[in-house]
Asker: 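Structure provided below as structure tokens; questions to follow.
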Amino acid sequence: SGINAEYGGRITSVDLSGCGKFLACSCKDASAIKFIDLKVNQAIATFTADGLKMGEHTRCSFSPDGQYIAVGSTDGSIFVWNTRTLKREEVPKQHSSAVPVVKWHPMGQAFVSLEKSKKFFVWTDLDV
């Protein structure tokens, strides 16, 4: 059997946590990420932030352990939330144009972000 959920906006991406219990959905219209518990088919949290604006191709990404969700913004900012505390982590701004892709390294804490001007950063020194 499948799960059917209403989101209420244009979904730009979905990502499944490594354990398969949680889903992250990014929504362009709301510039928000829904953090969904698939066991009960309910949103645990909606992650938003001042300055977060998602483009048509914005992709959110779970860390391999499922403890963090990251997403880029059209202004070059990157936003990371802790899925256990539901609080946002600070990430210094390094990009000067839209960041549609943020992808975690499969082994842990590092991730890469790619901006539309074809520049990328590998983030390894975060306190996440």
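Source: prediction; values computed, not measured.
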Asker: Walk me through whether V71 and M54 qualify under side-chain contact (heavy atoms from CB on, under 4.5 Å).
Answerer: CA-CA 9 Å; V71 69; M54 295 185 199; 4.3 Å; yes

Asker: Report the C-alpha separation of L23 and F35 in whole Å, then their side-chain angles, then the decisive distance to 0.1 Å, and conclude whether the side-chain contact (heavy atoms from CB on, under 4.5 Å) test is met.
Answerer: CA-CA 6 Å; L23 183 72; F35 176 43; over 6 Å; no

Asker: Would you name the heavy atoms of S31 and T48 that are closest together and state the gap between them?
Answerer: O-CG2, 3.9 Å

Asker: If we ignore hydrogens and angles and just use 3.5 Å, is the side chain of T83 paired with the main-chain N or O of G66 as donor and acceptor?
Answerer: yes

Asker: By side-chain hydrogen bond (donor to acceptor under 3.5 Å, both in side chains), which residues pair with S73, not counting sequence neighbours?
Answerer: D75

Asker: Determine whether V122 and L114 fall in the same hydrophobic cluster, where Ile, Leu, Val, Met, Phe, Trp and Tyr are linked whenever their side-chain heavy atoms lie under 4.5 Å apart.
Answerer: yes

Asker: Could you check whether any side-chain heavy atom of N82 comes within less than 4.5 Å of a side-chain heavy atom of Y68, counting everything from C-beta outward?
Answerer: yes

Asker: Could you check whether any side-chain heavy atom of K39 comes within less than 4.5 Å of a side-chain heavy atom of K21, counting everything from C-beta outward?
Answerer: no

Asker: What residues, two or more places apart in sequence or in another chain, satisfy side-chain contact (heavy atoms from CB on, under 4.5 Å) together with H57?
Answerer: R59

Asker: Measuring from C27:SG to I11:CD1, what's the distance to the nearest 0.5 Å?
Answerer: 7.0 Å

Asker: What is the minimum heavy-atom distance between T124 and A110, and which atoms define it?
Answerer: CG2-CB, 3.9 Å

Asker: For Q42, give me all partners under side-chain hydrogen bond (donor to acceptor under 3.5 Å, both in side chains), at least two apart in sequence or on another chain.
Answerer: none

Asker: Can you see which heavy atom on K93 is nearest to which on S77, and at what distance?
Answerer: CD-OG, 3.8 Å

Asker: Is the side chain of D29 donor-acceptor paired with the backbone N or O of R10 at a distance under 3.5 Å, no angle test?
Answerer: yes

Asker: Might you point out which heavy atoms bring T46 and A32 nearest each other, and give the distance in Å?
Answerer: CG2-CB, 3.8 Å

Asker: Going by the rule side-chain contact (heavy atoms from CB on, under 4.5 Å), which residues pair with F121 if we only count those two or more places apart in sequence or in a different chain?
Answerer: Q94, H95, S113, K119, W123

Asker: Looking at every heavy atom in both V91 and I78, which two are closest together, and how far apart are they?
Answerer: CB-O, 3.7 Å

Asker: If the condition is side-chain contact (heavy atoms from CB on, under 4.5 Å), which residues does A49 pass it with, not counting sequence neighbours?
Answerer: L52, F79, W81, R88

Asker: Take F47 and L86 through the side-chain contact (heavy atoms from CB on, under 4.5 Å) test and state the conclusion after the steps.
Answerer: CA-CA 8 Å; F47 296 127; L86 305 181; 3.9 Å; yes

Asker: Say you draw a straight line from NZ of K28 to CD of E56; how long is it, rounded to the nearest 0.5 Å?
Answerer: 5.0 Å

Asker: Residues in side-chain contact (heavy atoms from CB on, under 4.5 Å) with A24, at least two apart?
Answerer: I33, C60, F62, I69

Asker: Could you report the tightest heavy-atom contact between K116 and S97, atom names first, then the distance?
Answerer: N-OG, 3.7 Å

Asker: Does either side chain, that of T58 or that of S26, offer a donor lying less than 3.5 Å from an acceptor on the other one?
Answerer: no

Asker: Does the E115 side chain pair with the main chain of S96, one donor and one acceptor, at a distance under 3.5 Å?
Answerer: yes

